[in-house]
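Working notes, structure below.
For clarity, every value in this text was computed on a predicted model and none was experimentally measured.
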Amino acid sequence: MKTLLTPNAGLARNLADAVTAHADPCRLLTATDAATMAAALDAGTDVMLWSADGDLPLDGVLAAANARDVPVLVVADAALDPTALLRAGADAVLAADRPDAVVISVGRRLRERHRLRQLGERYRTLLARSPDAIALLRNGRHDFVNAAYLALTGHDDADTLIGQPFDALVDPNWSAEELLAALSHSAPVSGAELLIGSAGGPLPVRLYAVLPGIEAGEPLLEVTLHLSDDVQGSEHLIQYLSLHDRITGLHNGRYLAERLEEYVQSIRHGGDAAILILLTLDNFDDLRMQVGLAASERLLGDLGRLLERIAGPDGTAARLKDARFGVLAPVHHEPQRFVDSLREQVQDHVFTAGGQLVTARITLGATAVASDVTDPGELLARAERALVDAATSERRAAVYQPQAGGGSLHDLDADWGRRLAEAIRDDRLRLLFQPVVSLNCPPQERYGILMRVLDGDGTSISPTQFLPSAERTGMARTLDRWVVSHALDQLAWLRGHGHDTLFFIKLTDGSLQEEDMPGWIERELQRHAIPPTAVVFEMKEATVAAHLAEALVFVEALKRLGCAFALDDFGLGQEPFQIVEHLPVEYLKFDPVFTRHLAERPQDRETMAGLVKTAHEMGRLTIAQHVENAVSLSVLWGLGIHLIQGYFLQAPSEAMEFDFRSLA
């Protein structure tokens with residue numbers, strides 16, 4: 001909600017109603033004294049409006065608002081000098097006798113400020129999720145730190161660092177003040193080596209810094225810390241970081257695997273039996289949309305710590321990836337009892353996220369860690385098998401039973417085949433749309449198309465779970481046809497309503513195995529009356545490389561139709577452009593590995609620059625995906641990337657609501 005603040009309650013009320021009537025809902029705040037005004041400004045005001053008949057003097061309003069980088073719009077009559085008002089610090093002077101113009105101006109300022117605030121919040125959220133140690137400094141003091149920065153500098157709580165000077169961490173023999181002064185006038189700067197205080201004593205790190213922007217009228221300095229190549233006396237800290245998840249601070253999958261190996265060895269020599277559980281937070285995507293990225297990441301940490309308490313002092317809980325956890329614990333009774341108890345404790349627990357009370361919906365699969373199995377990999381496979389079984393059970397929990405399913409790859413594929421067929425039959429497939437935005441090519445409304453399968457309870461299943469089985473069994477061909485047909489339905493509707501929209505549609509290797517696929521695509525385009533130039537089909541580079549002969553026939557057939565083709569996850573390997581020399585592709589969509597650490601790794605920027613340069617020389621359009629922060633965006637623009645896609649712009653959504661016009 002946009003926020004309008006003014007010392008004149010009557011004017012603000014009328015203006016807020018008028019702005020809202022013009023489709024710009026805004027929250028009205030009034031301040032009749034300096035303390036109330038300062039509190040409202042600190043809480044997040046978008047625009048300050050002042051008129052001569054208000055309760056606060058203009059000089060005080062300007063001083064307070066300008067100190068917080070909040071624009072002040074002055075509604076003035078003919079008696080006031082606009083030039084003097086602007087010189088005093090007003091951002092705009094509006095004529096009191098032109099109320100319509102005032103409403104339009106205020107509405108525009110509210111929208112712009114609200115957009116900038118959202119970008120700032122999204123930027124900090126993205127930094128919070130980064131596995132790298134990042135801080136934002138304001139006037140040399142910590143204004144924001146993420147979990148990885150806390151771990152590297154040996155702090156447990158961000159509150160112990162916020163407001164503290166950066167040079168308090170730095171060895172006194174090193175002039176951090178001079179460094180910060182230099183960085184504040186030159187960006188980016190990299191490679192400076194400091195001694196940072198940590199839990200294990202002084203720790204040599206390399207510092208990378210950029211100036212991402214200005215908040216509240218002051219420049220923010222983004223600082224990223226990396227361990228130096230030659231670190232003396234801090235092996236224990238490096239070991240700690242290698243065994244912990246940097247976002248939540250929990251143990252990671254590597255640590256869980258080491259503990260599982262220890263349990264296997266212990267049981268072999270007469271130790272107590274144990275249980276291994278794999279657990280997924282099923283409603284994580286919904287919670288992330290509901291409370292935001294930063295709050296949802298904190299929720300993962302809270303869930304992990306609850307699992308640690310349940311596992312007990314001799315057990316282990318670890319975050320494996322995304323919203324998946326592993327639990328390893330000794331048991332002195334039936335595994336099913338432990339599983340049921342864990343499930344009830346998690347689902348009865350109320351978490352706080354983003355100021356809201358939420359509960360977790362989970363699926364878990366377990367297997368006994370007993371003396372009959374000596375291979376940790378087999379135990380993980382059994383727990384995975386149980387997790388698959390649990391997803392189709394009413395209780396969403398299962399313990400591996402050898403006599404009940406075997407757990408072979410054939411069984412897994414058969415199970416996914418059945419579940420996918422049921423999902424298609426029950427209309428539980430969904431298309432998601434993510435904007436693909438121009439940086440260095442003509443603007444156009446473009447969307448990347450993704451597909452999700454919903455489980456029986458509405459939980460979204462990522463393609464990484466079912467696509468391997470679908471490609472092995474031929475079900476991928478059916479899914480490809482469903483995606484193409486339903487995407488073209490949406491595209492036909494958009495173009496029928498005046499949108500010049502282009503879709504990027506993903507295909508699997510199933511389409512390469514079907515000779516009539518190009519012919520079927522042609523018939524679908526004709527049926528929907530869609531010009532072939534409005535569609536770009538994309539396929540992973542690894543898939544094309546594995547089926548190069550079939551891919552060449554397929555892409556040439558698409559080209560004859562008039563459709564374009566993109567290589568997805570492009571650029572890995574020794575000679576990535578070998579395929580491009582033989583395949584008539586128009587777009588190269590770079591693998592996310594090149595953009596994840598683009599801002600702080602000069603070697604990644606050099607690699608990306610070389611790939612982009614070669615692509616340009618070959619006349620190919622370039623796409624950077626998984627763009628997640630403003631600094632990467634700036635780097636990509638400078639490298640000449642044509643198009644970008646990622647959460648920094650917008651998360652995939654069932655709605656196509658991105659405002660491309662604002663970027664035109």
Sidechain N-carboxylate O distance under 4.0 Å for Asp415, Arg418 = yes
Between Gln444 and Asp500, is there a donor-acceptor pair closer than 3.5 Å when you use the side chain of the first and the backbone of the second?
-> yes
Of all the heavy-atom pairs spanning Leu320 and Gly326, show the shortest one and how long it is.
-> CG-N, 3.8 Å
Mind telling me whether Phe660 and Phe658 have parallel, tilted or perpendicular rings, with 30° and 60° as the class edges?
-> perpendicular
Start with the C-alpha distance between Arg527 and Ser485, add both sets of side-chain angles, then the distance that settles side-chain contact (heavy atoms from CB on, under 4.5 Å), and finish with yes or no.
-> CA-CA 10 Å; Arg527 182 171 72 85; Ser485 178; 3.7 Å; yes
Are Arg560 and Glu522 ion-paired here, with the side-chain N under 4.0 Å from a carboxylate O?
-> no
Do side-chain atoms of Glu541 reach the backbone of Gly571 as a donor and acceptor pair under 3.5 angstrom?
-> yes
So, Phe504 versus Phe537, ring centres under 6.0 angstrom or not?
-> no
Donor-acceptor side-chain pairing of Thr595 and His626 below 3.5 angstrom = no
Using only heavy-atom distances, determine whether the side chains of Asp591 and Gln625 contain a donor-acceptor pair under 3.5 Å.
-> no
Per side-chain contact (heavy atoms from CB on, under 4.5 Å), Asp509 is matched among Val544, Thr543, Asp480, Leu467 by Thr543
May I ask you to decide if Ala492's main-chain N or O and His528's side chain share a donor-acceptor pair within less than 3.5 Å?
-> no
Leu432 and Glu654, any side-chain heavy atoms less than 4.5 Å apart | yes
Are Arg481 and Glu524 ion-paired here, with the side-chain N under 4.0 Å from a carboxylate O?
-> no
Kindly say whether Arg395 contributes a backbone atom to a donor-acceptor pair with the side chain of Arg343 at under 3.5 angstrom?
-> yes
Phe590 vs Phe594 aromatic rings, parallel, tilted or perpendicular, using cut-offs 30° and 60°?
-> perpendicular
Has the side chain of Thr614 got a donor or acceptor atom that lies under 3.5 Å from a matching backbone atom of Gly610?
-> yes
Would you say Asp389's side chain and Ala397's backbone share a donor-acceptor pair under 3.5 angstrom?
-> no
Charged N to carboxylate O under 4.0 angstrom, Asp568 versus Lys540?
-> yes
Is His499 reaching over with its side chain to a backbone N or O of Arg495, donor-acceptor style, under 3.5 angstrom?
-> no
Let me see the working for Arg446 and Thr501 under side-chain contact (heavy atoms from CB on, under 4.5 Å), right down to the final yes or no.
-> CA-CA 6 Å; Arg446 303 175 176 92; Thr501 311; over 6 Å; no
Is a side-chain donor-acceptor pair under 3.5 Å present for Ser341 with Gln345?
-> yes
CD1 of Ile641 to CG of Leu611, rounded to nearest 0.5 Å, is 9.0 Å
Determine, step by step, whether Tyr447 and Leu502 satisfy the side-chain contact (heavy atoms from CB on, under 4.5 Å) criterion, reporting the C-alpha distance in whole Å, the side-chain angles of both residues, the deciding distance to 0.1 Å, and the verdict.
-> CA-CA 7 Å; Tyr447 284 99; Leu502 183 146; over 6 Å; no
Counting only N and O atoms by type, is there a donor-acceptor contact under 3.5 Å from the side chain of Thr280 to the main-chain atoms of Asp282?
-> no
Can you check whether Arg425's main-chain N or O pairs, donor with acceptor, with Arg428's side chain at less than 3.5 Å?
-> no
Can you tell if the side chain of Arg319 reaches within under 4.5 Å of the side chain of Asn252, non-hydrogen atoms only?
-> no
Salt bridge Glu538-Lys589, side-chain N to carboxylate O under 4.0 Å | yes
Main-chain N/O of Leu276 paired with Thr367 side-chain donor or acceptor, under 3.5 Å | no
Test applied, side chain to side chain donor-acceptor pair (under 3.5 Å); reference residue, Thr316; option that passes from Glu262, Arg259, His251, Glu308 = Arg259
Fit a plane to each ring of Phe503 and Phe433, take the angle between them on a 0 to 90° scale, and name the class: parallel (under 30°), tilted (30 to 60°) or perpendicular (over 60°).
-> tilted
Please report the C-alpha distance between Gln434 and Gln645 in whole Å, then the side-chain angles of each, then the deciding distance to 0.1 Å, and finally whether the side-chain hydrogen bond (donor to acceptor under 3.5 Å, both in side chains) criterion is met.
-> CA-CA 7 Å; Gln434 189 172 38; Gln645 179 179 351; 3.1 Å; yes
More than 12 heavy atoms of other residues, nucleotides or ligands under 6.0 Å from CD of Glu515: is that the case?
-> no
Heavy atoms of Leu379 and Ala368 approach each other most closely as CD2-O, 3.6 Å
Indicate yes or no: does Arg396 engage Asp455 in a salt bridge with an N to O separation below 4.0 Å.
-> yes
